[in-house]
Protein chains: 2
Amino acid sequence: MSVTARANDFTPLYVHIGRYLRALILDGELTTGDAIPSETDLVKKFGTTRGTVRSAVDVLVNEKLVQRVHGKGTFVQARPIRHDIWDFGGFTDSLGDQASLAVAKVISAHTMDLEGRTYFELVRLRGIKVNDHIDYLSLDTSWIPLDMFPGIDVVDFEDRSLYELFRKTYDTHPRRTAMTLTAEVIDDTERRLLKEKSQDALLVAHGSAFDQNDIEIERIKSVYSSRIQFNFTTAIADPEEWLK
Amino acid sequence: MSVTARANDFTPLYVHIGRYLRALILDGELTTGDAIPSETDLVKKFGTTRGTVRSAVDVLVNEKLVQRVHGKGTFVQARPIRHDIWDFGGFTDSLGDQASLAVAKVISAHTMDLEGRTYFELVRLRGIKVNDHIDYLSLDTSWIPLDMFPGIDVVDFEDRSLYELFRKTYDTHPRRTAMTLTAEVIDDTERRLLKEKSQDALLVAHGSAFDQNDIEIERIKSVYSSRIQFNFTTAIADPEEWLK
DNA sequence: CTTGTCTAGTGGTCTAGACAAGTGGACAAG
DNA sequence: CTTGTCCACTTGTCTAGACCACTAGACAAG
């Protein structure tokens with residue numbers, strides 16, 4: 001990517017600078033521990049002000065791609081990059097940065113019988129693509145009842161989203177998923193597909209997806225990569241406040 | 001918290017404003033879907049500029065506590081996690097005097113040095129007691145900075161809630177926890193304490209607790225029994241709805 | 001009734017500075 | 001050699017504006 005030419009005039013400058021820096025890191029020109037250009041350097045390079053440059057770096061800081069150190073500089077973080085599970089599972093589209101794209105790779109697809117019903121079993125690696133670098137973040141197995149979605153077993157899912165197919169071909173609109181989280185020791189296949197090295201156990205979610213009428217349309221098992229984070233916050237009630 | 005009085009003069013104003021807003025939400029004065037005060041309102045209230053106010057709101061946006069909507073306002077986010085399932089994390093307070101009683105058993109308690117600071121490390125088995133039958137549901141390790149809570153290392157925690165002690169003795173009111181969930185292979189000690197049989201991996205949460213001033217008061221590691229269910233739901237966005 | 005325009009209020013982006021505070025090297029004093 | 005001071009460079013915080021884009025309601029024109 002050239003330094004100054006933006007994709008179009010409507011891309012905010014801070015997003016553009018952020019992409020420039022992200023490319024430096026993901027393309028390997030900067031690696032773990034390296035300092036990115038200082039804020040004043042970037043100000044000169046892009047002909048802008050520190051406020052805009054800091055906005056750009058803020059994005060990378062929130063992605064945990066870099067870390068600021070007061071008085072020293074801003075440094076590339078140790079890999080692996082971690083993603084928040086809500087960004088991934090919920091609204092990949094709203095990442096705001098079109099450099100990120102949801103991708104999927106089919107591992108296997110066939111029909112099977114279970115509890116007297118025929119299901120289409122689809123196993124996919126799913127992840128995000130940033131600057132031509134694909135990071136697979138989960139191994140998803142879907143079981144879809146064939147009687148509800150006839151013909152789904154002959155669809156090529158390499159370049160079609162499952163939910164897009166539901167919407168366009170079957171007029172079924174997925175609305176929510178209900179999942180239960182567990183921890184499982186992974187096998188060699190899972191380890192290889194998700195490129196896990198030292199990790200022996202991973203988060204696994206079991207559950208179902210429901211459509212606009214709250215009908216169960218899909219059973220799901222997702223094995224999450226260790227590069228994905230499950231962050232949550234809780235509020236703590238104070239008993240004394242109940243006396244108010 | 002009063003609007004303008006900062007904890008001390010060294011707290012950046014944007015952090016202070018962020019705490020004010022977070023308190024509004026966590027204390028229930030603003031709930032899901034409500035708009036927080038507009039940026040210009042906050043500028044007037046705190047006598048500052050939009051840049052500083054936006055820095056404050058940025059923090060909450062990154063915590064996914066609020067969501068900005070261009071042209072409309074900034075709104076309190078829906079929490080995708082069903083709240084009830086996390087409540088056992090503070091069950092000593094929330095179960096109170098119902099038929100089931102919260103119980104804790106101290107496994108170890110001593111002081112330790114970490115990163116140049118002295119912490120009190122408290123390891124407890126926590127669970128519930130129903131009809132004289134005790135079921136331990138988590139193995140919690142707490143690290144509490146001794147300089148903030150002098151004398152806490154000589155307290156008997158067999159029959160005292162840690163948070164009750166914080167409130168009554170130290171006038172510190174725990175308000176929220178921020179945790180990250182991972183999967184870990186368990187060792188023999190953990191297996192024995194939590195009475196796990198076939199389970200080889202368990203869910204583990206790492207994180208911190210914060211008080212009414214949003215100061216970190218406790219670092220936490222919880223290993224959860226497989227007898228606890230972690231349920232969550234996600235909403236699925238429909239691209240066509242964006243065209244409305 | 002529908003349609004279009006105007007307007008007040010909102011967040012989105014950006015400029016052009018200022019001073020504070022932490023880091024690390026150069027260099028002089030002891 | 002060690003110690004302390006100074007200085008250049010870094011990020012952290014903040015001010016005081018500017019203009020843009022989007023939303024929603026009021027209101028007039030058709």
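Side chains are part of it too, since the values below use all heavy atoms of this structure and drop only hydrogens, waters and symmetry mates. Because the structure is predicted, anything quoted here is derived from the model rather than measured.
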Looking for any heavy atom pair under 4.0 Å, which part of the strands does A:S55 touch: base, sugar-phosphate only, or nothing? nothing

B:H70 stacking on C:dG12: centroids under 5.5 Å, ring planes under 30°? no

In whole angstroms, how far is the P atom of C:dG9 from the CG atom of B:L42? 16 Å

Among D:dT11, C:dT15, D:dT15, which is the nearest nucleotide to the side chain of A:E39? D:dT11

Scan A:S38 against the nucleic acid and name what it touches under 4.0 Å (heavy atoms): base, sugar-phosphate only, or nothing. sugar-phosphate

Which range-with-range stems can be found for DNA chain D when each stem has 3 or more Watson-Crick or G-U pairs in a row and both distances sit under 3.5 Å? C:1-30 with D:1-30

Heteroatom pairs (N/O) under 3.5 angstrom, protein to nucleotides 3-5 of chain D:
none

So, the side chain of A:R227 versus the backbone of A:L194: is there a donor-acceptor pair under 3.5 Å, distance only? yes

Side-chain atoms of B:Y14 come closest, of D:dG12, C:dT23, D:dT13, to D:dT13

Considering heavy-atom distances to DNA chain C, does A:T48 or A:K72 have its closest nucleotide positioned more toward the 5' end? A:T48

Give the rounded distance in Å between these two atoms: CG of A:L13 and P of D:dC19. 19 Å

Rounded to whole Å, please give me the gap between CG in A:D58 and P in D:dC14. 14 Å

Please figure out whether B:G51 or B:I36 has its closest DNA chain C nucleotide nearer the 5' end. B:I36

Spell out yes or no: do the side chain of A:R68 and the base of C:dG22 have one donor N/O and one acceptor N/O closer than 3.5 Å? no

Between B:N62 (side chain only) and B:V59 (backbone N and O only), is there a donor and an acceptor less than 3.5 Å apart? no

Answer yes or no on whether B:R175 is positioned over the face of B:F210, meaning its NZ or CZ is under 6.0 Å from the six-membered ring centre and within 45° of the axis. no

Given 3.5 Å as the limit, does a donor-acceptor pair link the side chain of A:Q212 with the main chain of A:H173, or not? yes

Between B:R124 (side chain) and B:T141 (backbone), is there a donor-acceptor pair under 3.5 Å? no

Contact under 4.0 Å: A:T40 side-chain N or O vs D:dC9 OP1/OP2: no

Nearest 0.5 Å, please: how far is CG in B:D211 from CD in B:E218? 11.5 Å

Position toward the 5' end of DNA chain D (nearest nucleotide), B:G71 or A:G71: A:G71

Could you check which of D:dC14, D:dG12, C:dG11 has an atom nearest any side-chain atom of A:R50? D:dG12

Mark yes or no for whether B:S138, through its side chain, and B:D140, through its backbone, hold a donor-acceptor pair below 3.5 Å. no

Assign A:T74 to base, sugar-phosphate, or nothing according to its heavy-atom contacts below 4.0 angstrom with the strands shown. sugar-phosphate

If I take atom CZ in residue B:F75 and atom P in nucleotide D:dT23, what distance separates them, rounded to the nearest angstrom? 11 Å

Give me the ring orientation class for A:Y170 and A:F166: parallel if the planes are under 30° apart, tilted from 30 to 60°, perpendicular past 60°. perpendicular

What is the distance, rounded to the nearest whole Å, between atom NE2 of B:H16 and atom P of D:dT13? 15 Å

A:I220 side, atom CD1; A:M179 side, atom CE - distance, nearest 0.5 Å: 5.0 Å

Write down the distance between CG (B:D41) and P (C:dA8), rounded to a whole number of angstrom. 17 Å

Applying the side chain to side chain contact (heavy atoms under 4.5 Å, CB included) criterion to A:L203, which one of B:T182, B:L203, B:V204 satisfies it? B:L203

Between A:R54 (CZ) and C:dA20 (C1'), how many Å, whole number? 13 Å

